[in-house]
Amino acid sequence: MNFITEATVKAVKHLYNTDITAADINLQETRKEFEGQVTIVTFPFTKFSKKSPEQTGNEIGEFIQNDLKEVSAFNVIKGFLNLSITDAYWIDQLYNDILSKGFAVAEPNGKRVMVEYSSPNTNKPLHLGHVRNNLLGFSVAEILAAAGYEVIKSNLVNDRGIHICKSMLAWQRFGNGETPESTGMKGDHLVGKYYVIFDKEYKKQIEELKAAGQTEDEAKKNAPIIKEAQEMLQQWEAGNEAVISLWKTMNTWVYTGFAETYRKLGVTFDKFYYESDTYLLGKDIVDEGLEKGVFFKKDDGSVWIDLTSEGLDEKLVLRSDGTSVYMTQDMGTAQLKYNDYHMDKSIYVVGNEQDYHFKVLFTILKKLGKDGADGLYHLSYGMVDLPSGKMKSREGTVVDADDLMEEMEQKAKEQTEAKGKINEFGEEEKQQLFHMIGMGALKYFLLKVDPKKRLLFDPAESVELEGHTGPFIQYTHARIKSVLRKAKITNNNVTVDKLAAEELDLILTLTQFPVIIQTAAEGYSPAIVANYVYELAKTYNKFYQVCPIIQVEDEAVKQFRLQLSAASGKVINKAMKLLGIEVPERM
RNA sequence: GCACUUGUAGCUCAAUUGGAUAGAGCACCUGACUACGGAUCAGGAGGUUAGGGGUUCGACUCCCUUCAAGUGCACCA
């Protein structure tokens with residue numbers, strides 16, 4: 001729509017002798033109830049036109065209509081100038097833009113971005129909250145790549161700390177040598193089982209101590225099992241061979257399990273960082289900060305930064321005993337990542353309970369004048385709630401990722417078999433399809449909501465395959481493919497005299513796709529893509545209902561509609577790919 | 001208590017970033033196929049955009065305020 005903007009700039013210059021830029025022009029799609037396809041909001045121009053909005057609109061409209069052969073008519077309603085663009089222009093858009101190879105393929109913008117997501121703890125399996133994180137991270141990475149960035153997907157694995165020692169200790173104590181092989185359990189689930197066992201035992205001991213007269217706080221500190229876990233952590237840090245060996249063994253179980261979950265989720269990573277490697281980093285940055293006067297040292301030796309002038313608090317960056325805290329580590333890891341990749345932007349996909357932490361971290365790095373500090377962004381997302389309330393691991397109300405995916409596939413299987421359209425599929429082909437549909441439902445359900453909002457996960461609604469869902473869009477794709485199987489495209493450039501309203505709508509929607517990608521990339525929001533592709537599928541279905549394709553007699557019209565269908569299928573496929581969702585040929 | 005986030009139809013979500021009469025899906029009613037795929041389409045009903053003020057040609061969107069929900073405010077990660 002650049003040519004409209006240019007003509008508007010020209011019109012304003014000519015009529016009112018005022019220079020404006022493209023940014024001053026508010027272009028939007030014309031609302032359905034009015035004539036035209038493109039609308040210019042002319043209220044802002046009245047400042048220098050010194051005329052009523054209507055008169056201003058008419059003058060600009062007249063100028064543009066004379067200036068551009070593509071503009072066939074215009075009308076003005078209040079401060080809205082609606083332009084009608086010729087069918088010939090839209091048909092040309094279909095062939096030379098939408099159906100061209102380069103459509104919605106952004107030029108590389110020469111910028112590199114890292115998206116860090118997933119970042120699991122290695123003491124328990126992934127749950128629904130992680131699923132939201134993983135899908136968001138993966139999709140944002142795809143969208144950024146489509147918008148022209150070079151993308152590195154990274155995963156910072158939290159593989160050390162007291163929580164890991166808890167699982168290790170409980171396994172040592174109560175495990176009887178169980179392994180994933182001996183039990184047939186997925187490794188991450190097995191380790192998670194012992195994390196739960198630890199917690200049970202810990203609670204039991206707390207109760208015992210309380211019964212013996214200790215306060216809650218005392219009991220929590222003095223329970224023998226927690227002391228043992230702490231001791232184990234110290235041994236781990238001291239490099240005790242037996243502890244390290246157990247740690248390696250159990251972590252390997254977990255990684256094998258995670259790899260399976262990631263594979264099913266369809267997410268991938270280019271680079272893994274491990275906290276066992278990075279937890280000591282950042283101390284040199286503390287020194288640097290002290291030198292630069294950004295940090296200060298208290299009498300007890302602890303190091304702080306004063307952020308009260310930024311509206312934040314004082315924050316500890318190094319303990320009085322010289323050991324690191326979370327912040328120290330994250331400063332060091334940020335530096336490490338930057339040294340590795342020199343990226344222009346660095347996205348952290350982390351839940352919104354850490355908003356404050358990242359605000360502080362980014363402020364510190366900026367104050368230190370670190371390279372890349374301006375490109376830091378916390379993609380903060382809301383928690384996932386269940387209809388019964390919050391997910392709590394200790395109360396066993398978490399939704400396990402593996403179980404969830406299994407259920408979704410099962411539901412997809414039932415529904416698909418009931419339709420009976422894929423009876424000739426082989427067994428493996430069927431399984432793939434069920435997985436595709438089940439995951440399509442799950443992914444779409446989680447991604448269609450604005451990331452920053454809390455998400456209510458209603459299991460009954462999530463397995464729904466009708467309405468505003470992933471399978472609805474997949475179905476539309478399968479339907480298009482079915483049409484294209486039955487009638488072949490033989491003419492690649494056929495034209496028609498006049499477009500039906502539904503055809504025009506469809507082309508208009510299709511042309512928006514590149515803009516949608518850019519908007520989604522700027523806002524780090526898969527939801528924008530998700531809502532767009534739903535709109536597109538609906539628009540296609542409407543077209544499909546009203547406009548016969550194969551049955552139409554006029555061969556030119558038939559060919560044109562086939563092309564339009566092919567274009568729709570292509571864009572649906574691409575858009576869904578940005579969400580990490582596959583679309584089937586039939587279902 | 002302080003800070004941040006959120007609040008839109010009965011429910012789950014949109015709204016081109018300040019634009020026209022706030023749109024979809026689910027649920028509820030009414031219609032459309034012996035088929036170009038009905039996992040679809042057309043229509044009906046459903047709203048004081050949490051409440052109240054303000055800013056302006058124009059406010060779900062910006063500002064102030066009240067209310068409600070969530071999260072954070074460790075020498076934990």
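Chain A is the first sequence line, chain B the second, and so forth, proteins listed ahead of strands; every chain is numbered from 1.
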Q. Who is the Watson-Crick or G-U wobble partner of B:U5, with both distances under 3.5 Å?
A. B:A69

Q.
Partner lookup for B:A14, please. Criteria are Watson-Crick or G-U wobble with both distances under 3.5 angstrom; report none if nothing qualifies.
A.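 Result: none.
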
Could you tell me how far [M] sits from [N] if I compare only their [atom1] atoms? Round to whole Å.
N	M	atom1	answer
B:A20	B:G58	P	14 Å
B:A59	B:A22	P	12 Å
B:A77	B:U65	P	37 Å
B:C63	B:U5	P	10 Å
B:A14	B:C29	C1'	25 Å
B:G10	B:U6	P	23 Å

Q) Can a donor-acceptor pair under 3.5 Å be found between the side-chain atoms of A:N82 and the base atoms of B:A20? A) yes

Q. Taking N and O atoms by type only, does the side chain of A:T469 place a donor or acceptor under 3.5 Å from a partner on the base of B:A39?
A. no

Between [options], which nucleotide has the shortest distance from any of its atoms to the side chain of [X]?
X	options	answer
A:K542	B:C41, B:C73, B:G38	B:C41
A:Q545	B:G72, B:A77, B:U40	B:U40
A:N541	B:C36, B:A77, B:U40	B:U40

Q | d(NZ, A:K453; P, B:A15) in whole Å | A | 7 Å

Q.
Under 5.5 Å centre to centre and under 30° between planes: does that hold for A:Y534 and the six-membered base ring of B:A24?
A.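 One would not call A:Y534 stacked on the B:A24 base.
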
Q) Going by 5.5 Å between centroids and 30° between planes, is there a stack of A:F43 over B:G19? A) yes

Q) Do the numbers put A:R160 on top of the ring of A:Y279, so that NZ or CZ is under 6.0 Å from the six-membered ring centre and no more than 45° off the axis? A)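 A:R160 over A:Y279 ring: yes.
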
Q. Can a cation-pi geometry be assigned to A:K448 and A:F472, taking NZ or CZ under 6.0 Å from the six-membered ring centre and within 45° of the ring axis?
A.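 No; the conditions do not both hold, so A:K448 does not lie above the ring face of A:F472.
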
Q: Look at all strands and tell whether A:F472 reaches a base, only sugar-phosphate, or nothing, counting heavy atoms closer than 4.0 Å.
A: sugar-phosphate

Q) Hey, what's the ring geometry for A:H127 with A:H130, parallel, tilted or perpendicular (30° and 60° as the breaks)? A)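 A:H127 and A:H130: tilted rings.
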
(Q) For A:F80 and A:F43, take the angle between the two ring planes, folded into 0 to 90°, and tell me which bin it lands in: parallel under 30, tilted 30 to 60, perpendicular over 60. (A)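 Perpendicular, since the angle between the ring planes exceeds 60°.
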
